[in-house]
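Questions regarding the structure given below will be posed in turn.
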There are 2 protein chains.
Amino acid sequence: MIDSADDPNTDNPGHGDVLPPTNQHVKQYAAVRNAHETELIEDYVELIGDLLKHQGEARSTDIATRMGVSQATVAKMMCRLKSLDLVASKPYRSLFLTQAGEAMAEESSKRHAIVLQFLRALGVSDQTARIDAEGMEHHVSQETLDIMQRFACQLTPGHQREG
Amino acid sequence: MIDSADDPNTDNPGHGDVLPPTNQHVKQYAAVRNAHETELIEDYVELIGDLLKHQGEARSTDIATRMGVSQATVAKMMCRLKSLDLVASKPYRSLFLTQAGEAMAEESSKRHAIVLQFLRALGVSDQTARIDAEGMEHHVSQETLDIMQRFACQLTPGHQREG
DNA sequence: CAAACATTTCAGCCTTGGCTAACTTTAAGG
DNA sequence: CCTTAAAGTTAGCCAAGGCTGAAATGTTTG
Ligand SMILES: [Mn+2]
Ligand SMILES: [Mn+2]
Ligand SMILES: [Mn+2]
Ligand SMILES: [Mn+2]
């Protein structure tokens, strides 16, 4: 155990300089693993919400097409989402969100929009911003999200709509 | 198939408004899946690099401790990293990076540092910035990274001035 | 030097999230 | 209606990334 025990937190630039204290480091990785557990679920639920909203219906074919995965993969995931009480459906019929599912869709969608708008406000191209936002959204804390929102609002004289 | 047909790319805010065109949407999810394939590898390799740099040695115990994961998990991952020719070691001895591993560690570390500095420059607290950066780093394109770096450079020298 | 302790490895086990292939059900067209 | 195409389901495969528990190896110390 050559493990520091000093407190390298006071003024250093952080990453290229010294290792963060072990317990902090552990928290970082744990947070990422944690996010990984929910992010696919959020993406599926968000997509179902979007399909319902914009096409009136969420069929698993459309989900498979948009996600770029097989229908079997979607079916399995829907099974999981049902068991989590986020999605409901009758066999061979289209999909609906439960109350909890709708709440998750709403929240995910808002967060996604903020991250996307932030990136665009930063000057990132639309195409890239969309790709980056799809991944980043799941790793942005509330604190950071608030800052992003303020930032995007300032630099975007366009529209805004948050509840 | 009520799909596509329209081209919602011209001026709309994007997410809360209409669905992105299918092929764009597919690309987003594909990019995320892609990132997921490499991100754990990058984190392990980066950590090994950091341990080598700051403690002279990378033992799998230390990796397990810092990652917050069992030694068996580390062992399996090291096996994989060896098969990818990123890590080398003799049985029961400590770990080293191959040339390719070092390159990956270097690059990952740089990118991680930029994202972290960017978040701090935005005004995110150190603790939160570290956590968010650990996840975000893997979903930041080169284009976005460049912008982040410029942004952080501009705002960093003066430290933060919050209101 | 041998015992005790720490570290590494190995052999299972589990869940997630992909896939294909075969089957069933539904929806559409003639 | 009946046929057929599309959509949904199911079974079984795989790799990744966690875990435990036990065996093997290194290291320290009495
Ligand atoms: Mn999303
Ligand atoms: Mn996403
Ligand atoms: Mn990193
Ligand atoms: Mn990371």
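Chain identifiers are assigned alphabetically (A, B, ...) following the order of the sequence lines, protein sequences preceding nucleic acid strands; residue numbering begins at 1 within each chain. Keep in mind the model is a prediction, meaning the values are calculated, not measured. The basis for the numbers below is simple: all heavy atoms, side chains too, and nothing from hydrogens, waters or symmetry mates.
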Whole angstrom value for the distance that separates P of C:dG18 from OH of B:Y29: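 About 12 Å, once rounded to whole Å.
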A:E57 CD to D:dG8 P, straight-line distance once rounded to whole Å: 9 Å
Side-chain N,O (A:T61) to OP1/OP2 (D:dA6) below 4.0 Å: no
Salt bridge (Lys or Arg N to Asp or Glu O under 4.0 Å) partners of residues 70-97 of chain A, not counting sequence neighbours, each pair once: none
With B:R59 via salt bridge (charged side-chain N to carboxylate O under 4.0 Å, His left out) - residues at least two apart: B:E57
Side-chain N or O of A:S70 closer than 4.0 Å to phosphate OP1/OP2 of C:dG18: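 Answer is no, no contact under 4.0 Å.
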A:L95 CG - D:dG8 C1' separation (whole Å): 10 Å
Distance test, side-chain N/O of B:R33 to OP1/OP2 of C:dG17, below 4.0 Å: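 For C:dG17, OP1/OP2 do not have a side-chain N/O of B:R33 under 4.0 Å.
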Charged N-O contact under 4.0 Å between A:R150 and A:D146: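 Salt bridge absent between A:R150 and A:D146.
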Summary of ring pair (Phe, Tyr, Trp, His ring centres under 6.0 Å) pairs that have at least one residue in residues 130-150 of chain B, sequence neighbours excluded: A:H139-B:H139, B:H36-B:H139
Results of salt bridge (charged side-chain N to carboxylate O under 4.0 Å, His left out) for B:E39 - residues two or more places apart only: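 By the salt bridge (charged side-chain N to carboxylate O under 4.0 Å, His left out) rule, B:E39 matches no residue at all.
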A:V69, nearest nucleotide to its side chain (from C:dT8, D:dG18, C:dG18):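 So the side chain of A:V69 is nearest to C:dG18.
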Salt bridge (charged side-chain N to carboxylate O under 4.0 Å, His left out) partners of B:E143, counting only residues at least two apart: none
Scan nucleotides 9-16 of chain D against the protein and return all N/O pairs shorter than 3.5 Å with their distances rounded to 0.1 Å.
{"unit_1": "D:dT9", "atom_1": "OP1", "unit_2": "A:Y92", "atom_2": "N", "d": "3.3"}

Protein-nucleotide distance (A:M78, atom CE; C:dT16, atom P), rounded to Å: 14 Å
Presence of B:R59 side-chain N/O under 4.0 Å of C:dT8 phosphate oxygens OP1/OP2: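 Answer is yes, contact under 4.0 Å.
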Value in whole Å for how far the P atom of C:dT7 lies from CD1 of B:I63: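 In whole Å, C:dT7 P and B:I63 CD1 are 13 Å from each other.
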